[in-house]
Amino acid sequence: DIQGIAGEFDMVVNVSGGYTRIQAGDGGPINTAGVWTVAAGATLNVLDTHTWVQTADLTVNGTLSGAGSTLTMSGATLTNSATGNITISNVNFSGATYDNVGTTNSNGVFTMNGAGAQAITGAGAFGGANFALAATSSTQYDADPGFGFTGVITVGAGTTLRMRGINFTV
């Protein structure tokens with residue numbers, strides 16, 4: 001288990017195998033500033049109701065999970081490789097590129113909330129319950145397998161969602 005107080009984990013971390021949980025010891029968000037990698041065959045679980053705030057790049061080659069939890073990602077790139085599987089309930093992504101070659105399934109809300117241009121790339125499955133664009137995002141979705149959200153798609157005022165050459169602007 002990785003337990004800590006906000007700001008404690010400002011280092012490069014490689015979850016190399018097995019099952020690892022991340023949680024805040026004080027119940028608040030846990031902030032990490034180093035590049036993190038979840039290796040193929042490894043699982044990193046964000047404990048239920050906890051929030052992980054990652055401010056550097058994150059690469060998932062294994063599994064990133066967390067029923068009832070939230071990943072707030074402001075690193076430039078979130079990479080979900082061909083062997084990757086992201087099944088965390090809520091994702092708030094404010095980085096530049098989400099490169100999804102694996103499988104992403106959010107049963108809460110996947111939110112693109114960057115200030116300016118953001119891109120979703122890759123041939124991985126991308127879906128879940130709800131998808132949202134915050135008021136400052138301009139997101140381009142150029143992935144191949146489709147946009148598989150079954151709930152509400154929310155596009156904030158003044159934003160643009162560009163999907164395979166079609167612009168949706170509010």
Side-chain angles (χ1 to χ4, degrees), residues 6 22-24 27-33 36 38 43-82 84-170:
I22 186 169
Q23 64 188 41
I30 186 161
N31 298 304
T32 57
W36 281 53
V38 180
T43 296
L44 178 61
N45 179 264
V46 181
L47 203 60
D48 185 19
T49 73
H50 288 254
T51 297
W52 177 23
V53 179
Q54 170 64 353
T55 60
D57 291 352
L58 170 61
T59 299
V60 179
N61 298 316
T63 298
L64 174 62
S65 62
S69 60
T70 300
L71 168 65
T72 298
M73 172 68 191
S74 63
T77 304
L78 172 57
T79 302
N80 189 25
S81 75
N85 184 22
I86 296 178
T87 58
I88 196 162
S89 290
N90 300 292
V91 177
N92 299 311
F93 181 68
S94 61
T97 303
Y98 178 40
D99 184 24
N100 182 47
V101 183
T103 300
T104 299
N105 189 359
S106 169
N107 67 1
V109 180
F110 193 106
T111 304
M112 301 294 284
N113 61 359
Q118 293 183 284
I120 303 169
T121 62
F126 184 55
N130 303 300
F131 179 81
L133 292 183
T136 58
S137 179
S138 174
T139 299
Q140 180 167 328
Y141 181 77
D142 284 327
D144 287 330
F147 198 71
F149 287 89
T150 59
V152 176
I153 296 176
T154 304
V155 180
T159 65
T160 299
L161 174 60
R162 182 175 185 267
M163 297 178 70
R164 310 290 267 154
I166 300 169
N167 290 327
F168 300 90
T169 302
V170 176

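Applying the ring-ring contact (aromatic ring centres under 6.0 Å, His included) test to residues at least two apart or on different chains, the pairs with a partner in residues 84-104 are Y98-F110, Y98-F126.
Rounded to the nearest 0.5 Å, atoms CG (N113) and CE (M73) are 12.0 Å apart. Going from atom CD of Q54 over to atom OG1 of T72 covers 11.0 Å, rounded to the nearest 0.5 Å. Between atom CG of residue L78 and atom CG of residue L64 there is a gap of 8.0 Å, rounded to the nearest 0.5 Å. In this structure, CG on N130 lies 8.0 Å from OG on S106, to the nearest 0.5 angstrom. Note: L44 CG to I22 CD1 = 6.0 Å, rounded to the nearest 0.5 Å. The structure places CD1 of I86 at 6.5 Å from CG of L58, a figure rounded to the nearest 0.5 Å.
The minimum heavy-atom distance linking P29 with V53 is given by the pair CB-CG2, 4.0 Å.
Shown here are the side chain to side chain donor-acceptor pair (under 3.5 Å) partners of N107, two or more places apart in sequence or in another chain: S89. Applying the side chain to side chain contact (heavy atoms under 4.5 Å, CB included) criterion to N85, with sequence neighbours excluded, gives T63, T87, T103. Among residues two or more places apart in sequence or in another chain, the side chain to side chain donor-acceptor pair (under 3.5 Å) test is passed with D57 by none. Legend: residues meeting side chain to side chain donor-acceptor pair (under 3.5 Å) with S81, ordered by chain and number and at least two apart, are N61, T83. Partners of S65 by side chain to side chain donor-acceptor pair (under 3.5 Å), not counting sequence neighbours, listed by chain and number: N45. A search for side chain to side chain contact (heavy atoms under 4.5 Å, CB included) contacts involving N90 returns T70, V109, not counting sequence neighbours. Residues satisfying the side chain to side chain contact (heavy atoms under 4.5 Å, CB included) test with T154, not counting sequence neighbours, are A132, V152.
H50 places no side-chain N or O within donor-acceptor distance of the main-chain N or O of S69, the cut-off being under 3.5 Å.
The shortest distance between side-chain heavy atoms of V46 and L71 does not fall below 4.5 Å. Within the 4.5 Å cutoff, no side-chain heavy atoms of T55 are placed close to those of N31.
A donor-acceptor pair shorter than 3.5 Å can be found between the side chains of T32 and W52.
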